Amino acid sequence: MASRISRTLVATVATAGATLGVTLANPSPASAAMTICYNTSQAPSYASIANQAATIWNNATSNLTLTANCGTNLRIYQITGGGSYAVRTSLGNGRVYIDTQQAAQYSPLRIMTHEIGHILGLPDNYNGNCAILMSGGSAGTSCTNPYPSTAEANRVTSLFAGTRSATERGADSGSTVFQDSWPAALAPVS
Ligand SMILES: [Zn+2]
């Protein structure tokens with residue numbers, strides 16, 4: 001008796017499933033955006049700048065979403081002297097250091113979006129072109145452009161295509177350090 005009821009239920013559920021058809025068969029999208037949690041607790045002077053930089057990257061790319069203080073894929077620090085730099089432990093994971101002295105010479109937002117660009121997989125490209133975010137300080141202190149070029153943004157989008165979370169990517173590889181992106185400006189003649 002019990003097994004007959006079970007068979008009836010199974011048949012009923014199967015019929016309902018067949019009716020719903022396509023909806024039940026569809027898996028979740030393969031390229032859902034990866035969340036990269038950045039943490040600004042060690043960079044209190046630049047939390048707002050980091051939020052602006054995250055918005056710039058989020059608007060320019062797909063496949064990833066930078067979100068504030070939900071975790072620690074990306075830790076942001078402020079330091080004094082030594083130069084701003086980034087340590088990418090793997091794609092979407094690492095640390096960014098903002099030198100307060102450089103941020104007084106160069107656009108702090110450009111520095112922030114540039115250094116985050118390293119965490120997102122971009123190398124330096126010191127071609128002096130202010131339209132290129134990864135040209136960094138080679139474009140001079142007068143360059144305040146904080147936006148990645150279309151090519152830079154598309155590169156990041158393609159690097160993040162896939163289904164792995166940023167945390168899963170954390171086990172991928174050794175660290176890569178990107179430094180000396182912001183050469184010291186000439187000291188003022190006194
Ligand atoms: Zn750089």
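Every number for a ligand or one of its atoms is a count from 1 in the order of the listing. Everything quoted here is computed from the prediction, not taken from an experiment.
Backbone or side-chain N, O or S atoms of Tyr85 do not reach the Zn ion (ligand 1) at under 2.8 Å. The distance from the Zn ion (ligand 1) to the nearest N/O/S atom of Asp124 is under 2.8 Å.
His114 contributes atom NE2 as its closest N/O/S atom to the Zn ion (ligand 1).
Not a single donor-acceptor pair under 3.5 Å links the side chain of Ser175 to the backbone N or O of Val87. A donor-acceptor pair is defined here as one N or O able to donate and one able to accept, closer than 3.5 Å; such a pair exists between the side chain of Asp99 and the backbone of Gly81. Here the side chain of Asn129 pairs a donor or acceptor atom with the backbone of Ala131 at under 3.5 angstrom.
Going from atom OG of Ser149 over to atom CG of Leu133 covers 8.0 Å, rounded to the nearest 0.5 Å.
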